[in-house]
Structure formats: structure tokens, C-alpha cells
Amino acid sequence: MTSDWSNDDSSSDEEPESGTELRELEDELCRLAGVLAVRVVGDRAGRPIEVHVLADHSKAAKQTVRDVRAVAQTMFGMELDHRIVSVAQLNTNEQDTPVGIDLPRSESRPRVGSIQVEDAGLRAQVRVVLTAGDNEHTGYAEGSIASLARPQLVATAALDALRQLEPAAEAVHITTAEISRIGRTRVAVITVVYVDPPTELVVSGSAVVRRDRDDAVARALLDATNRRLHRVEPGHAAR
């Protein structure tokens, strides 16, 4: 795979990768106000055929459907028929919960809030903001302005923020971070190692370059960690 870097990427020649694209759609829809969880079901060609949304009562279900269709259209170029979007609304008023009863909470995975890169001479400082529910933390990394070093800097800053949100991320270490071409598509690919002495487990994460490459690198880091961090416990390496 040939690596290259230019954050001003026009994705006009990109081909969608079905599984990754549907997962990214789920992640973006989960950022909508009032949305608690999303599940997108695709056909064999990777086209959405069912979109299931779990939301609170902060807005009408019809408005949530409109928001879902707007995100799919503007960010992914997908025209969703309103009939395939279903919305279930939960009462999240904890005042109605009996004393002593702990309601299950939906998983709130960290997401990329913003990324800022500042150059100063031959050095660059990267700031990545990650959000998870009501929590927001900023990670930093500093290093060379070399284009080949930038993915590593962005990934390091994202991991720094992740460690503030998820203490278990202390067991995660970045081994590689790069932008590669797969066919005509640019993809951010990251490998990390989960360390639980004497065990070390190498895991990869990826994200198709969509808005820009820095964003894709940060999402790739989360892809390598989001579904595994909760499994990292003392004496048990991630699986």
C-alpha cells in the first residue's frame, strides 16, 4: 500500500466501502441531539435498508427522522426513504426511577469533537478534542512538521484525550499510523498494541478519508479502541 498525505483531499474519486461506511453513518447519527443509539442494517451491496434509532423525548420522532435523513444525505450522499427509518423513544427521566433501581445506560463511545494543528517553525502541535456523552477532554501531541509524521501526531493526541476519558486506555500504545490508498480510496490505518504483561495484542483500526485526513486518523484510532477498551481489565488482555 502506498502512503501519501495531503489534508486538502477532495474525495471525488473515492469508492465507498460498505461495512465501514454504514458504521461511520451510525457514529454520525449518534451525534444527533436526543439520539441514544443507532443501528443501520445494509443489504449485500452495502445500501441501508433499515435504520433503527433509539432516542429520548427531547424532540418529536418525525423531526428525528428528518435529521437522520439530512445527515445521511449531506455527509454520505445517501438518500434514505423515510419509511426505512424507525424511531423508538425512551423515557429518560430518572426522577421516575424507584429508589435502589439502577437503569441500564446506553454505551457512550468517544467521538471526535475537533482537531487543531498549529505549526511553529519545524515543530507542530496537535490538539484533539474527544467527547463522550457530557464529557469532553483535549489531548495534545507535539513533534516534527514532516508530512509523514502528521498521522502519528494526530493519533497520539487522540490517544492522549482518550486516556482522560477511559483510564483503561493506558494499556494502549500506538505502533503505526498512516494514510494509505486502497484502490482509489484513501484510508487512515492505525495499529495499536494492548499491553497486559506478559500479554501483548496487536489490533488495527481504519477509517475512510471523508472530511479530511486528520479526522480520519482520529476516527481510525477510535475504531481500534472503541469496541475493546471495556474488555481491558487487569489480568485480561483485550480480545
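These numbers were taken from a predicted model, which means no experiment stands behind them. Nothing fancy with the numbering, it's 1 onward along the sequence.
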Residue list, side chain to side chain contact (heavy atoms under 4.5 Å, CB included) with A70, at least two apart or on another chain: none
Closest non-hydrogen atom pair between V208 and R219, with its separation: O-NH2, 2.8 Å
Please find the pair of heavy atoms, one from V154 and one from A218, that lie closest to each other, and give the distance. CG1-N, 4.2 Å
Cluster check L165, V129: I/L/V/M/F/W/Y, side chain < 4.5 angstrom: no
Could you pull out all residues at least two apart from A161 that satisfy side chain to side chain contact (heavy atoms under 4.5 Å, CB included)? L130
Residue list, side chain to side chain contact (heavy atoms under 4.5 Å, CB included) with T175, at least two apart or on another chain: T191, V193
Check: I84 main-chain N/O paired with D81 side-chain donor or acceptor under 3.5 Å: no
Using the test side chain to side chain contact (heavy atoms under 4.5 Å, CB included), find all partners of T156 that sit at least two apart in sequence or belong to another chain. A141, Q152, I174
Side chain of R213, backbone of P151: donor and acceptor closer than 3.5 Å? no
So which heavy atom on A224 is nearest to which on Y194, and how close? O-OH, 2.9 Å
Same apolar cluster: L153 and I145, side chain cutoff 4.5 Å: no
To the nearest 0.5 Å, what is the distance between CG (L221) and OG (S206)? 12.0 Å
Give me the other members of the hydrophobic cluster that V41 sits in, counting Ile, Leu, Val, Met, Phe, Trp and Tyr linked by side-chain heavy atoms under 4.5 Å, directly or via other members. I49
Is the closest side-chain heavy-atom distance between E166 and T225 below 4.5 Å? no
Taken to the nearest 0.5 Å, the spacing of I115 CD1 from D212 CG works out to 6.5 Å
In residues 119-126, what donor-acceptor pairs under 3.5 Å come from side-chain atoms, sequence neighbours left out?
none

Name all residues meeting the salt bridge (Lys or Arg N to Asp or Glu O under 4.0 Å) criterion together with R39; count only those two or more places apart in sequence or in a different chain, and write none if there are none. E26
Residues which pass salt bridge (Lys or Arg N to Asp or Glu O under 4.0 Å) with R127, listed by chain and number, not counting sequence neighbours: none
Taking all atoms of both residues into account, what is the closest heavy-atom pair of R163 and A169, and its distance? NE-O, 3.3 Å
What residues form a salt bridge (Lys or Arg N to Asp or Glu O under 4.0 Å) with E118, not counting sequence neighbours? none
Is there a side chain to side chain contact (heavy atoms under 4.5 Å, CB included) between M78 and R69 once you walk through the steps? CA-CA 8 Å; M78 297 180 181; R69 298 181 68 203; over 6 Å; no
R150 side chain reached by D214 side chain, heavy atoms, under 4.5 Å: yes
Rounded to the nearest 0.5 angstrom, the CD1-CG distance for I190 and L159 is 9.0 Å
Side chain proximity check, T64 to L32, heavy atoms < 4.5 angstrom: no
Grouping I, L, V, M, F, W and Y whenever their side-chain heavy atoms are under 4.5 Å apart, do V53 and M75 come out in a common cluster? yes
Excluding sequence neighbours, so at least two apart, what forms side-chain hydrogen bond (donor to acceptor under 3.5 Å, both in side chains) with Q164? H137
A155 and V217: which non-hydrogen atoms are nearest, and at how many Å? N-CG1, 3.8 Å
List the residues meeting side-chain hydrogen bond (donor to acceptor under 3.5 Å, both in side chains) with S86, not counting sequence neighbours, and say none if there are none. H52
Going by the rule salt bridge (Lys or Arg N to Asp or Glu O under 4.0 Å), which residues pair with D160 if we only count those two or more places apart in sequence or in a different chain? none
Do the non-hydrogen side-chain atoms of L29 and V51 ever get within less than 4.5 Å of each other? yes
For L222 and P110, work out which heavy atoms get closest and say how close. CD1-O, 3.4 Å
